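Keep in mind that what you see is a predicted model, and the values were worked out from it rather than measured.
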Amino acid sequence: MRWLNQQLTISYIQTYIFAATDLGLSKSIFLGDAFHFLLTAGIAIATIVGICLLSFKFSSHKIFVPTAKKNRIYIIVLLALAIVGSTSHTWFNPSARRWDKIRPVFYTLLDNVLSNFEMGKKSDNFDEGIQSLGGIPSKEYPFWKEVENETDSLNAFKQRSLDQRPDIILLTIESLRGWTSDMRVKANCNRFPNLCKLAQGGLYFPNAHSVGFPSIEGMLGIMEGVYSFPQGILLNSYPNLRMRSISEILSDAGYYTEVLIGSDPKFDNSHIWFKKWFDYNEYNPDNENDVALANRFVERYRERPKDKPVFYHWLSRSMHVSFDLPEDMGPKPSNPDSAYIRAEAYMDSALGIIMNEIAISPRANQTLIVLTGDHSLPNDAHSRQNEKLGKVTDGNTWISLMFNGPGIAPSINRNPVSQVDIAPSILGYLHLNVSNHFMGFNLLQQDSSLSNRSTPVFAFRFGDMSMREDSTTYFFPQFSKSTSIIAYRALLEPSWDTYKPVSGYTSGKAIDLSNDERQKIVKQMQAAAKAWEYTVHTNHLMPDNKN
């Protein structure tokens, strides 16, 4: 882990050097952080200067005397401003998110220190929180599933014939909107024939969700099988967290592992993790568009080791904002909805290149294809809801999940599932019995008409959280500072305006909760978030001697 810390430090330095030469990134950093600091500092300095000026103007002794009759008006004004400012979170908008935006930076820093202290101790309802997350609270490492004689299990797997060790091709699609990519909609099958072929030929989960966003959070859920950290970006905030990814497990089982990356991983410091996770990782700016990246997959796939099964991870890019495609694709539509549909169709054609190559290969009948999204992308209606519901709404997290391969009967499971279910499902498909900390469930082990999830589906994003149970979704913005939850009836079937593939879906129907129901859900969600914070903060995901 010392190496990982060193690499992360270098990566952070590179990021800020890059920021100095990239005006767009520099502007984002300034507007996102420095502006708020300077604004708060300016207000504090202006207040001090104002008091000093008043003291010089109204006091013959150059000392501001608050009790002087002529100065009382100024004291009253200052007190009124202080009262208005300190209570603004209750009248400016009854939203913890809005208060977070307007509160002074020094208050935020103090709050972060206190939150950091609180994470180091168990909450009173720790056990309930761990159970909601699918762990065993009585264990020191509540999510660690220990397998005795693991070495024997791995060696036995390696001794199988190559035909009995399937290849795993994991396709992660940038900004995959679940409602736009719902393959139960006939028009979508016409738009995206290769997505449709995968969905109709395998086990399809149209109501899957990412653990959070941006892409580095999606990679956490897919590769490490755990939820996002409730108050920050886990892979950047906790680089020393002991974890074992699905690719590292497959490598131990004799797989050759490789990832092809469409976006520059240095932007969010994820290249350090790709180096850790894979035998080979590649990012080439010439292959940022999906067709070029698919052609590169074909090249690498044909050069694959012939004596090993392979785990290939392909990360697309063309559906990233602002949906820019190669010049030979013609001018980009001015309408963003049309631009997204065009980008998804382009991505779909790249999928066709990959799928055709696999189909003609000698390993066609020994290949599991898994397709999902790194996260979703809000439309205008979702963006307007963020202030009220937080930033883990369907618009941010609703993706698709497909498993297509030998032995998987074509079927549709409409239950909500998560990215954290991918890794345990791959292990289950391979009948590979190894120790792991994955928080999800094997979605392939029973009849697809049933849900194999016994716990809710969670998502987190900087203090916001959501919880999905069956057809009900609970949104809890700024869960540590608020008790304001909102319940929605999820639309598990395509009953929205499917003639508008991007903007047609807004949200489900709001549900009224009784006070007892509300208090029960608040306690459950806060318990889950606090228990997960404690587990991460105290590094209790897996034992040290297993790392």
Side-chain angles (χ1 to χ4, degrees), residues 1-16 18 29 32 112 115-116 119 133 143-144 170 172 174-175 209-249 251 257 259 261-278 281 283 313 315 317 320 372-375 391-392 396-397 399 418-423 436-440 458-465 529 532-542 544 547:
M1 295 308 292
R2 181 180 299 174
W3 170 85
L4 184 58
N5 280 332
Q6 292 173 343
Q7 294 298 312
L8 281 167
T9 301
I10 294 171
S11 181
Y12 292 139
I13 294 173
Q14 289 174 337
T15 298
Y16 289 111
F18 175 66
I29 293 173
N112 287 344
S115 297
N116 194 53
M119 291 175 196
L133 294 164
F143 302 102
W144 181 248
L170 176 56
T172 297
E174 173 68 44
S175 304
H209 288 270
S210 64
V211 300
F213 71 98
S215 297
I216 190 172
E217 296 284 70
M219 289 304 100
L220 172 75
I222 294 168
M223 296 300 299
E224 297 287 1
V226 301
Y227 287 115
S228 296
F229 189 64
Q231 302 286 359
I233 296 178
L234 189 148
L235 290 180
N236 287 345
S237 302
Y238 288 88
N240 283 321
L241 185 64
R242 293 187 293 272
M243 293 187 293
R244 188 184 188 193
S245 67
I246 181 62
S247 54
E248 291 171 294
I249 289 176
S251 181
T257 64
V259 60
I261 310 163
S263 300
D264 189 348
K266 290 183 179 179
F267 183 80
D268 55 12
N269 294 315
S270 59
H271 67 296
I272 301 302
W273 295 100
F274 289 129
K275 288 180 181 179
K276 179 178 185 292
W277 290 335
F278 293 95
N281 72 92
Y283 163 73
H313 195 171
L315 298 167
R317 181 191 182 277
H320 195 287
T372 191
D374 59 349
H375 53 76
K391 291 191 175 181
V392 280
N396 300 101
T397 68
I399 55 177
S418 171
Q419 287 172 333
V420 301
D421 300 319
I422 294 174
N436 68 84
H437 54 64
F438 302 142
M439 299 172 73
F458 290 96
F460 298 96
R461 171 67 175 172
F462 286 120
D464 297 336
M465 69 179 296
W532 181 225
E533 284 180 345
Y534 173 84
T535 302
V536 172
H537 192 71
T538 57
N539 213 342
H540 276 73
L541 198 54
M542 66 179 286
D544 185 37
N547 201 15

- Backbone N or O of Gly212 within a donor-acceptor pair of the Asn396 side chain at under 3.5 Å? no
- Check: Ile233 main-chain N/O paired with Asn236 side-chain donor or acceptor under 3.5 Å: no
- Message: Under a 3.5 Å distance rule, please check whether Trp277 uses its side chain to pair with a backbone N or O of Val259 as donor and acceptor.
- Response: no
- Distance-only side-chain donor-acceptor flag, Thr172 / Asp374, under 3.5 Å: no
- Can you list the residues that meet the ring-ring contact (aromatic ring centres under 6.0 Å, His included) rule with Phe213, with sequence neighbours excluded? none
- Message: Nearest 0.5 Å, please: how far is CH2 in Trp144 from NE2 in His540?
- Response: 14.0 Å
- Item | Full working for side-chain hydrogen bond (donor to acceptor under 3.5 Å, both in side chains) between Tyr238 and His537 | CA-CA 8 Å; Tyr238 288 88; His537 192 71; 2.9 Å; yes
- Item | Nearest non-hydrogen partners of Val536 and Leu234, listed with the distance | CG2-CD1, 4.0 Å
- Message: Strictly distance-based, threshold 3.5 Å: is any side-chain N or O of Glu174 a donor or acceptor partner for the main-chain N or O of Ser263?
- Response: no
- Note on the structure: Closest heavy-atom pair, Ile222 versus Gly373, reported as atoms and distance to 0.1 Å, is CD1-O, 4.1 Å
- Query: Does a side-chain heavy-atom distance below 4.5 Å link Arg244 with Asn436?
  - Reply: no
- Task: Can you measure from CG (Leu220) to OG (Ser228) and round to the nearest 0.5 angstrom?
- Result: 5.5 Å
- Query: Taking all atoms of both residues into account, what is the closest heavy-atom pair of Arg461 and Pro214, and its distance?
  - Reply: NH1-CD, 3.2 Å
- According to the interplanar angle, ranging from 0 to 90°, do the rings of Phe458 and Phe460 count as parallel (below 30°), tilted (30 to 60°) or perpendicular (above 60°)? parallel
- Before accepting this row, confirm whether a basic side-chain N of the pair Glu248/Lys276 lies closer than 4.0 Å to the acidic partner's carboxylate O. yes
- Phe143 side chain reached by Leu133 side chain, heavy atoms, under 4.5 Å: yes
- Item | Intermediate values then yes/no, side-chain contact (heavy atoms from CB on, under 4.5 Å), Gln231 and Phe462 | CA-CA 4 Å; Gln231 302 286 359; Phe462 286 120; 5.9 Å; no
- Query: Atom CG of Leu170 and atom CD1 of Ile246: how far apart are they, to the nearest 0.5 Å?
  - Reply: 9.5 Å
- Sorted by chain and residue number, the ring-ring contact (aromatic ring centres under 6.0 Å, His included) partners of His320 (sequence neighbours excluded) come out as none
- Query: Between Ser251 and Ser247, is there a donor-acceptor pair closer than 3.5 Å when you use the side chain of the first and the backbone of the second?
  - Reply: no
- Query: Is there a donor-acceptor contact under 3.5 Å linking the side chains of Ser210 and His375?
  - Reply: no
- If every non-hydrogen atom of Phe229 is compared with every non-hydrogen atom of Glu533, which pair is closest and at what distance? CE1-CA, 3.7 Å
- Is there a donor-acceptor pair under 3.5 Å between the side chain of His209 and the backbone N or O of Ile399? no
- Message: For a 4.5 angstrom cut-off between non-hydrogen side-chain atoms, does Phe438 reach Ile422?
- Response: no
- Task: List for me each residue that meets side-chain contact (heavy atoms from CB on, under 4.5 Å) alongside Tyr283, sequence neighbours excluded, and say none if there are none.
- Result: Ile261, Asp264, Pro265, Pro285, Glu288
- Heavy atoms only: give me the nearest Lys275-Asn281 pair and the separation to one decimal. CG-ND2, 3.7 Å
- Message: Can a donor-acceptor pair be found, under 3.5 Å and without considering hydrogens, that links the side chain of Asp268 to the backbone of Ser215?
- Response: no
- I would like to know whether Leu541 and Arg242 meet side-chain contact (heavy atoms from CB on, under 4.5 Å); could you show each step before the answer? CA-CA 6 Å; Leu541 198 54; Arg242 293 187 293 272; 5.9 Å; no
- Using distance alone, with no hydrogens and no angle criterion, decide if Glu224 and Ser245 have a side-chain donor and acceptor under 3.5 Å apart. no
- Item | Met219 vs Trp273 side-chain heavy atoms within contact, under 4.5 Å | no
- dist Leu241:CG -> Met542:CE (nearest 0.5 Å) comes out at 9.5 Å
- May I ask you to test the Met439-Tyr227 pair for a side-chain heavy-atom distance under 4.5 Å? yes
- Distance in Å, Glu217 CD paired with Thr397 OG1, rounded so as to fall on 0.5 Å steps: 12.5 Å
- Side chain of Gln419, backbone of Val211: donor and acceptor closer than 3.5 Å? yes
